Structure formats: structure tokens, C-alpha cells
Amino acid sequence: QGQLVESGGGLVQAGGSLRLACAASGRTYSTYSMAWFRQAPGKEREFVAAISRSGGRTNYADSVKGRFTISRVNAKNTVYLQMNSLKPEDTAVYYCAADMSGSYSHFDWIYDYWGQGTQVTVSS
């Protein structure tokens, strides 16, 4: 059975950086597009970034463009989210997701598999 496991979350001051990783196992994730979503307390889950199967195409939420970068290493079955210039409003649980259709969409209902999430807290 497939599994997505996020890591790299933590507490950071505003303006700082973190790199999240999503390690995939149990399936050939190079055939999936991958994405990061986040959910802050009391808010709905929102799209952050997505990447195509090959890694050649990406999609970002406007709120993170220019600050976050999604990437993948298919040989390692791992997807990354480099987060720079972090703001307190970036505080949330960050989830990794996999989409069999390869859409790298911003719609969460398209994604077939989800990780358990990793907490990111940005202090002001």
C-alpha cells in the first residue's frame, strides 16, 4: 500500500526558510503529479503548489509565488517544498498529495493520496 510521509516542518521566525520533504513509497510516484496543500487553524485547506510528473511544469498559489519552490527527484520518490521569506500567515499544517491523472491541479478533490501533514509555525 502506498504512503506519503512529510517531514521538515518546525518553528521559524518571520523571514526565515524551511524545506519540506514528502517521501513516497509503495507506488511508482513518477507517474503521479504531486502537490502541497496547507490548512491553518479554523480555515479550509488551500492549495500551495503542484508539479507535473516529470517536474518540468509547476503551478503556484498567488500567495506563495516568488517565495516557495516545488521540486521533485523521481529517483528518490521525493517531492520538496522550499519555503523562503516565510510570513506568520504561512503558519499551517502542510500536506503532500499525489494525483494519478497528472493534472498538477489546484483542486484538492483531484488528488488521490494524502500524507498526514507536517506543522509549520512562523513567529512574528
Side-chain angles (χ1 to χ4, degrees):
Q1 191 166 353
Q3 189 176 16
L4 300 174
V5 178
E6 302 94 337
S7 62
L11 173 64
V12 63
Q13 288 189 332
S17 298
L18 283 174
R19 188 175 82 153
L20 306 183
C22 171
S25 63
R27 294 183 176 88
T28 307
Y29 281 96
S30 59
T31 62
Y32 293 64
S33 61
M34 302 293 292
W36 289 94
F37 288 79
R38 66 187 181 186
Q39 187 166 21
K43 295 187 177 182
E44 292 188 354
R45 184 166 58 192
E46 65 173 358
F47 170 75
V48 176
I51 191 165
S52 63
R53 290 163 170 155
S54 67
R57 297 179 182 180
T58 56
N59 184 14
Y60 293 95
D62 288 343
S63 60
V64 306
K65 277 181 183 176
R67 300 189 299 124
F68 290 11
T69 302
I70 188 171
S71 61
R72 67 189 297 166
V73 179
N74 285 340
K76 295 185 177 181
N77 258 359
T78 303
V79 178
Y80 302 96
L81 185 68
Q82 177 66 45
M83 305 187 295
N84 298 329
S85 302
L86 281 161
K87 305 175 181 180
E89 51 263 43
D90 294 317
T91 295
V93 177
Y94 282 71
Y95 298 91
C96 174
D99 164 29
M100 290 189 294
S101 75
S103 69
Y104 64 106
S105 169
H106 61 282
F107 294 113
D108 61 356
W109 53 266
I110 281 180
Y111 290 84
D112 304 286
Y113 303 104
W114 293 82
Q116 294 299 307
T118 185
Q119 175 71 48
V120 171
T121 303
V122 184
S123 63
S124 56

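Everything numeric in this text was worked out from a predicted model, so none of it was measured. No hydrogens, no waters, no symmetry mates; every other heavy atom, side chains included, goes into these values.
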Does E89 CD have over 12 foreign heavy atoms under 6.0 Å away?
->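 Counting other residues, nucleotides and ligands, CD of E89 exceeds 12 neighbours.
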
Pairwise side-chain contact, R67 with D90, heavy-atom cut-off 4.5 Å (strictly under) |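 Yes, close enough: below the 4.5 Å cut-off.
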
Taking the side chain as every heavy atom from C-beta outward, state whether W36 and C22 have any pair of such atoms under 4.5 Å apart.
->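 They are in side-chain contact.
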
Anything under 30° is parallel, anything over 60° is perpendicular, the rest tilted; go ahead and classify Y111 against W114.
->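 Because their plane-to-plane angle is over 60°, the rings of Y111 and W114 count as perpendicular.
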
Plane angle bin for F68 and Y94 - parallel if under 30°, tilted between 30 and 60°, otherwise perpendicular |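 Because their plane-to-plane angle lies in the 30° to 60° range, the rings of Y94 and F68 count as tilted.
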
With a 3.5 Å distance limit and no angle check, can you tell me whether [X] reaches the backbone of [Y] through a side-chain donor-acceptor pair?
X   : Y    : value
Q3  : S25  : no
T28 : S30  : no
T91 : T121 : no
Y60 : I70  : yes
R57 : R53  : no
Q13 : S123 : no
T78 : K76  : yes

Atom of [X], atom of [Y] and distance for their closest heavy-atom approach:
X    : Y   : value
R38  : S63 : NH2-OG, 3.6 Å
V48  : V64 : O-CG2, 3.5 Å
I51  : T58 : CG1-CG2, 3.9 Å
S85  : S17 : N-OG, 4.3 Å
Y104 : N59 : O-ND2, 3.3 Å
L86  : M83 : CD2-CB, 3.8 Å

Could you give the distance from [atom1] ([X]) to [atom2] ([Y]), rounded to the nearest 0.5 Å?
X    : Y   : atom1 : atom2 : result
N84  : R19 : CG    : CZ    : 11.5 Å
I110 : S33 : CD1   : OG    : 8.0 Å
D108 : D99 : CG    : CG    : 11.5 Å
L81  : S71 : CG    : OG    : 8.5 Å

Take T118 and V93, measure what side-chain contact (heavy atoms from CB on, under 4.5 Å) needs, and give me the verdict at the end.
-> CA-CA 5 Å; T118 185; V93 177; 6.0 Å; no

Out of curiosity, does [Y] fall in the hydrophobic cluster containing [X] (side-chain heavy atoms, cut-off under 4.5 Å, transitive links)?
X    : Y   : answer
Y113 : V79 : yes
M100 : M34 : yes
Y95  : Y29 : no

Distance under 6.0 Å and angle within 45° of the ring axis: does R72 meet both against Y80?
->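 R72 over Y80 ring: no.
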
Give a yes or no on whether the ring-centroid distance for F37 and F47 is below 6.0 angstrom.
->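 F37 vs F47: aromatic centres under 6.0 Å.
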
Does the distance from a Lys or Arg side-chain N to an Asp or Glu carboxylate O, for K65 and D62, drop under 4.0 Å?
->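 Salt bridge present between K65 and D62.
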
